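Not measured: the values here are computed from a predicted model.
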Amino acid sequence: PQEAVNVMNTGLFYNPGNAELLYHQVVNFYCTGELEDSYVYLQQAMEADASQVSLIFELLPAIRNDQHIINIIRNNSSHL
């Protein structure tokens, strides 16, 4: 997972604000246990394109059990 974080960081360097990459990074940080970073990236991803939020559930279905993730999505539902 840490290698995936590094790869996505490179992608985001060249494509800042790319929602799909941001959502992948949410899951990558989540899987490495860096939850605060995951939450920050989720906020950024939601601001970039909230309509793609379901991608995190496809990539990591268990993330549905994180109440903080759900709260971020609910708080940004106006972007949907």
Notebook entry, point to check: Counting only heavy atoms not in Gln67, do more than 12 sit closer than 6.0 Å to its CD atom?
Noted result: yes
Note: with side-chain heavy atoms under 4.5 Å as the link, the other cluster members for Tyr14 come out as Phe13
- Query: Can you get from Val5 to Leu55 by hopping between Ile, Leu, Val, Met, Phe, Trp and Tyr side chains that sit under 4.5 Å apart?
  - Reply: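 Yes; tracing contacts between hydrophobic side chains, which count when under 4.5 Å, links both residues.
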What's the spacing between [X] [atom1] and [Y] [atom2] if we round to 0.5 Å?
| X | Y | atom1 | atom2 | value |
| --- | --- | --- | --- | --- |
| Ile63 | Glu58 | CD1 | CD | 12.5 Å |
| Ile72 | Met46 | CD1 | CE | 9.0 Å |
| Gln43 | Ile73 | CD | CD1 | 11.0 Å |

Residues at least two apart in sequence or cross-chain that pass side chain to side chain donor-acceptor pair (under 3.5 Å) with Asn15, listed by chain then number, are none
ask   = Does any donor atom in the side chain of Glu47 or Asn76 lie under 3.5 Å from an acceptor atom in the other side chain?
value = no
Review point. Do Thr10 side-chain atoms and Asn6 backbone N/O form a donor-acceptor pair below 3.5 Å?
Key: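 Judged by distance alone, yes, a pair lies under 3.5 Å.
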So which atom in Ala45 and which in Leu22 form the shortest heavy-atom distance, rounded to 0.1 Å?
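The answer is CB-CB, 3.6 Å.
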Please output the side-chain donor-acceptor pairs of residues 29-38 that fall under 3.5 Å, not counting sequence neighbours, one pair per line with the distance.
residue	atom	partner	partner atom	Å
Tyr30	OH	Asp66	OD2	2.9
Thr32	OG1	Phe29	O	2.9
Thr32	OG1	Glu34	OE2	2.8
Ser38	OG	Val26	O	2.8

Result for side chain to side chain contact (heavy atoms under 4.5 Å, CB included) between Tyr41 and one of Leu12, Val27, Leu21, Ile56 points to Leu12
Partner residues of Ala19 under the side-chain contact (heavy atoms from CB on, under 4.5 Å) criterion, sequence neighbours left out: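 Expected list: Tyr23, Ala48, Asp49, Gln52.
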*Can you pull the ring pair (Phe, Tyr, Trp, His ring centres under 6.0 Å) pairs that have at least one residue in residues 46-75, sequence neighbours excluded?*
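Applying ring pair (Phe, Tyr, Trp, His ring centres under 6.0 Å) to every pair that reaches into residues 46-75, excluding sequence neighbours, yields Tyr39-His68.
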Pair Arg64-Ile69, side chain to side chain contact (heavy atoms under 4.5 Å, CB included): steps then yes or no: CA-CA 7 Å; Arg64 293 180 190 274; Ile69 292 282; over 6 Å; no
